[in-house]
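First comes the structure, then the notes that go with it.
Start at 1 and go down the list; that is how both ligands and their atoms are numbered. Being a predicted model, the structure only gives us computed values, none of them experimental.
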Amino acid sequence: MAASSTKSLLLSCLMISFLHQLQFQLPHVAATSLKKSDGKGSRGKTLSFTLYQHETINKTGYIVVDGVAGAGVSQTTTPFGTVYVFRDDLTVHADRASRVAGVAEGSSITTSLDGLQSLSLAKITVDHRGHRGSVSVLGGTYNTKPSDYPVVGGTGDFAYALGYVRSSPVDLRGRTVTYKMELHLYWPPYAHYAPVPQKPI
Ligand SMILES: *[C@@H]1O[C@H](CO)[C@@H](O)[C@H](O)[C@H]1NC(C)=O
């Protein structure tokens with residue numbers, strides 16, 4: 001009994017050390033082959049760019065469910081439980097008249113009683129510098145400060161992307177508010193071996 005458990009312990013140790021080696025060797029192989037595909041294609045290792053999101057209350061963004069408690073509706077606050085839905089153009093410069101390079105569609109639910117924080121989800125569709133596809137994000141928003149949203153995935157040229165999107169208020173005055181949106185995308189080594197999804201019919 002004792003002997004056999006020692007043996008199986010030894011075996012599991014060997015197995016773990018083998019898996020450990022495998023785990024640390026694989027990324028090296030992948031990283032080397034990834035380098036070849038760097039550049040314009042979506043299969044590169046990293047990609048960063050900045051767009052500007054413009055939101056006009058009662059035109060591109062609406063409160064669809066009223067909140068129930070806490071702060072009132074103001075330029076920067078909404079009552080706890082408010083559900084907000086938006087579909088905002090993304091331009092290449094802070095100027096609203098600059099070229100539209102995408103759209104951000106999503107929703108925010110107010111999750112703090114001071115009305116300043118919410119949980120946001122969005123699909124960011126981009127056609128910019130030869131990259132086409134969408135990035136989906138999910139995370140917390142602090143209305144008056146920059147917020148980082150983890151990228152949960154993507155489609156098209158952004159399939160298998162990870163990373164984060166940083167959204168910072170540029171101008172919160174007036175009917176249209178502008179946010180700077182910095183996308184920092186990263187493709188983990190295994191994405192290089194993943195199949196390219198076919199377009200859904
Ligand atoms: C947006 O529309 C709602 C509902 O009609 C209204 O109560 C609110 O004052 C409007 N907000 C602005 C900033 O126009």
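Considering only non-hydrogen protein atoms, atom 9 (O) of ligand 1 sits nearest to N58 ND2, 4.8 Å. The protein heavy-atom contact nearest to atom 13 (C) of ligand 1 is I57 CG2, 3.4 Å.
Closer than 4.0 Å to atom 2 (O) of ligand 1 lies at least one heavy atom of the protein. Under the 4.0 Å distance rule, the nearest protein heavy atom to atom 5 (O) of ligand 1 falls outside the cut-off.
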Between R132 and D127, does the salt bridge (Lys or Arg N to Asp or Glu O under 4.0 Å) criterion hold? Intermediate values first, please. CA-CA 5 Å; R132 293 176 72 165; D127 186 350; 3.7 Å; yes

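To the nearest 0.5 Å, atoms NZ (K45) and CH2 (W187) are separated by 13.0 Å.
Counting atoms of ligand 1 from 1 in the listed order, those under 4.0 Å from a heavy atom of R175 are 14 (O).
The backbone N or O of G115 lies less than 3.5 Å from no partner atom in the side chain of T77, so there is not a single donor-acceptor pair.
In the hydrophobic clustering (ILVMFWY side chains linked at under 4.5 Å, chained through shared members), L119 is joined by L121, L138, V152.
Remark: H54 pairs with no residue by the ring-ring contact (aromatic ring centres under 6.0 Å, His included) rule, at least two apart or across chains.
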